[in-house]
Number of protein chains: 2
Amino acid sequence: MNGPMQRRTTIKDVAEAAGVGVATVSRVLSGGSASAQTRERVLAAAARLDYHPSALGRNLRRQRTGGIGLLIPDITDAFYAKLTDGVLSCARSYGEPVTVGVTGDDPEREAELIGALIEQSMDRVIAVPSRDGETAGETWAPALRAGLNVVFADRRVRADVPSVVADDAAGVLTAMEYLIGLGHRKIAFLARHGQSRRVAAFTDALTSLGVPADRGLVVHARASRDSAYAAVAGLLQNRPDVTALLAGGNVLGEAAVLAARELDVRIPKDVSLIMFDDVPWAELCSPPLTVVARPAQDLGYRAAELALRQGRRPRTVALPTELVVRASCGPRSR
Amino acid sequence: MNGPMQRRTTIKDVAEAAGVGVATVSRVLSGGSASAQTRERVLAAAARLDYHPSALGRNLRRQRTGGIGLLIPDITDAFYAKLTDGVLSCARSYGEPVTVGVTGDDPEREAELIGALIEQSMDRVIAVPSRDGETAGETWAPALRAGLNVVFADRRVRADVPSVVADDAAGVLTAMEYLIGLGHRKIAFLARHGQSRRVAAFTDALTSLGVPADRGLVVHARASRDSAYAAVAGLLQNRPDVTALLAGGNVLGEAAVLAARELDVRIPKDVSLIMFDDVPWAELCSPPLTVVARPAQDLGYRAAELALRQGRRPRTVALPTELVVRASCGPRSR
DNA sequence: AACTATGATGGAATCGTTTCCATGAACGGT
DNA sequence: ACCGTTCATGGAAACGATTCCATCATAGTT
């Protein structure tokens, strides 16, 4: 019904119109050598016919799809949205399209998506691998075998894959210094499953600062809002002795604020709260939240850079975090 | 250094291994007819060689790239992030990859991205077109000419393109009914540039409810946080007579809360505030914000459905909004 | 028993591009 | 004037899949 669907104009049409061979057209269009006269004729013909080269043909010949695959746990999470923004902005400056997939932190879905990427002959992937490494070996083996250029972001789960991460340990340490300086001793850490590295940093920081670590004060939750809320509420009810909380992500932090409000625990009067990730609402919250800011956008940008630059060797870069002090922490009161 | 980069296994390898022709392999793998015996042999060979068909080859032959292009103004905006999530979730159930681009609400960047999509031979696009239509004609003409299957989301700027939008007018009307019921008369609307449809709905709602519309009470801002803040602050300082605000998006709402706090205007005591879009932080805010919730995720899902179903005709679907009353509105006090 | 209908099968063309290679012209040096 | 070098140029071969078409065998019909 759409009228005679016109055939796409191909390089052959241009060659014919310009009276040259297809090879010459290809050369001119991709900056090869040609006489000024032919170059002009070809360019004119291409413009006249509104010719756009087909990425399909090119990629098939070149044996690679340009473009970047991006795998993240949850696009709805402000942190990953920002990271995605960083990747997109870098990719744009290289003119590379980005294909996004959400894994939901599920290794199985992750594996599926990797398969799809390979099928698409994508040759560059940036991923926030699901969990902290337990299954990463097998999950990512096919991708590496297929010759994909993989860069991990936010988490580092294999030594042989370059990674761009935030310096979580330093962030945790600063936060602990701050809380301990305020007199807190019973500090709990709300962790997402798989944040083993951060948990380790937490206990290390505490012991290095002379505070005995209490294993019961590390509680785990899945990435969902429900799970986070349940974990926080449980902690708050079971351990009235905790006076400070470190939330390992903005979803956890959100849950903490909500649960505290529900249980009539006041922040910062009853418990102090520090949250990972500086999201817009941290400032709008009541009280405004003190946060460990990670450079989400930069993380994505640098990862994309690493993926796009080809002459790089497996190196992992760690970006600094920053403690943004607002009003959710106070001196110990009980 | 990576060892001898193994050549990808092709359909030819499988054919050879199974002792059949390539045509047969293709047929078996795409569900065509074949004898049980050959089918088994081919499948076994494919599995043994770990064969994955190349999307490149297939697409070139089929003259189309599967997959969906998604163009949104800003992935960092919680509303668009959710919409994106909806698109991804629908696409996943069809096994289609999604390529995301951000336009920044800039028609020029939009046009660039459309060009890239065409070059990729994408045949399905979901887009939140930049602005409200002024330039949409020319911007989208090449895409339609190239035979792309375009679906607009969130905004409807061309009658010949199916669109999935929220019923903004109804949302605005309900909000106005609520505010006027609380006694407010001087109500301002903070609009993003290009929300002409919503502005019209705003004035219509006011007049239909018997309140004279004041053109000075509609202020415009660009999509950025800075611009939004400036617009709100200006309004609050110039028009101390306004007693209620309707913010046309979550970025505007954020700016409103921030500016009000800065200028010592208390919500809801001094001015009432209703914001478009129910974002997680609306509940965490102080006070919790009353919002016009649009079904962001559904919008994306339905748009993707429309784009993927082929036997559809240009129709636009409008999804209902919901007024979620929290604590940011009170009776008129001055 | 001959002939047709049916179904499985493989060869080859095709999609649009890049790139290798051969060809021929122009040019400069001896 | 001859030869070697350089350079522009076009033909043709990939790349990996799908699909048309011809071929052949087998089963079914008269």
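Chain letters run A, B, ... following the sequence lines, proteins first, then strands; residues in each count from 1.
Rounded to 10°, the angle separating the first-five-pair axis and the last-five-pair axis of the helix from C:dA1-D:dT30 to C:dT30-D:dA1 equals 50°.
Between the CG atom of B:Asn59 and the P atom of C:dG16 there is a distance of 13 Å, rounded to whole Å. Rounded to a whole Å, the CG atom of A:Asp13 is 11 Å from the P atom of C:dC15. Taking atom CD of residue A:Gln63 and atom P of nucleotide C:dG16, one finds them 18 Å apart after rounding to whole Å. Atom pair B:Arg64:CZ and C:dT14:P shows a separation of 22 Å (rounding to whole Å applied). In this structure, the CD1 atom of B:Ile11 is 16 Å from the P atom of C:dA12, given to the nearest Å. Atom NZ of A:Lys12 and atom C1' of C:dG16 are 10 Å apart (whole Å).
With hydrogens and angles disregarded, no donor-acceptor distance shorter than 3.5 Å links the side chain of A:Thr139 to the backbone of A:Pro107. Listed for the B:Arg197 side chain is a donor-acceptor partner under 3.5 Å among the backbone atoms of B:Arg156.
Distance check: A:Ile68 CD1 to A:Leu308 CG gives 4.0 Å after rounding to the nearest 0.5 Å. Atom-to-atom distance recorded for B:His193:NE2 and B:Arg222:CZ is 8.0 Å, nearest 0.5 angstrom.
Legend: residues meeting side-chain contact (heavy atoms from CB on, under 4.5 Å) with A:Leu144, ordered by chain and number and at least two apart, are A:Val150, A:Arg158, A:Asp160, A:Val161. By the side chain to side chain donor-acceptor pair (under 3.5 Å) test, A:Thr76 is found to be paired with no residue, residues two or more places apart in sequence or in another chain being considered. With sequence neighbours left out, B:Phe152 forms a ring pair (Phe, Tyr, Trp, His ring centres under 6.0 Å) with B:Trp140. Contacts of A:Arg64 classified as side chain to side chain donor-acceptor pair (under 3.5 Å), with partners at least two apart in sequence or in another chain: A:Asp123. Residues satisfying the side chain to side chain donor-acceptor pair (under 3.5 Å) criterion with B:Asp77, sequence neighbours excluded, are B:Asn250.
Interface limits on DNA chain D: the 5'-most and 3'-most nucleotides within less than 4.0 Å of chain B heavy atoms are D:dG16 to D:dT19.
For DNA chain D, the residues of residues 33-42 of chain A within the heavy-atom distance limit of 4.0 Å (strictly under) are A:Ser33, A:Ala34, A:Ser35, A:Thr38, sorted by number.
Residue contacts shown for A:Leu56 are absent, as no nucleic acid heavy atom lies under 4.0 Å away. As judged by a 4.0 angstrom heavy-atom cut-off over every strand, B:Gly21 is placed among residues touching the sugar-phosphate backbone only.
There is a side-chain donor-acceptor pair under 3.5 Å between B:Glu110 and B:Ser130.
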Please write out each protein N/O paired with an N/O of nucleotides 19-26 of chain C under 3.5 Å, distance rounded to 0.1 Å.
| unit_1 | atom_1 | unit_2 | atom_2 | d |
| --- | --- | --- | --- | --- |
| C:dT19 | O4' | A:Arg61 | NH2 | 3.4 |

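Pairs engaging residues 9-22 of chain A under the side chain to side chain donor-acceptor pair (under 3.5 Å) rule: A:Arg7-A:Asp13 [sequence neighbours left out].
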List the atom pairs, donor and acceptor, that lie under 3.5 Å between side-chain atoms in residues 20-33 of chain B and the rest of the protein, sequence neighbours left out.
| unit_1 | atom_1 | unit_2 | atom_2 | d |
| --- | --- | --- | --- | --- |
| B:Arg27 | NE | B:Ala23 | O | 3.4 |
| B:Ser30 | OG | B:Ser26 | O | 2.6 |

Please tabulate, for the side chains in residues 95-103 of chain B, all donor-acceptor contacts under 3.5 angstrom to protein atoms that are two or more places apart in sequence or on a different chain.
| unit_1 | atom_1 | unit_2 | atom_2 | d |
| --- | --- | --- | --- | --- |
| B:Glu96 | OE1 | B:Gly67 | N | 2.7 |
| B:Glu96 | OE2 | B:Arg124 | NH2 | 3.1 |
| B:Thr99 | OG1 | A:Thr99 | OG1 | 3.2 |
| B:Thr103 | OG1 | B:Ile72 | O | 3.4 |
| B:Thr103 | OG1 | B:Asp105 | N | 3.1 |

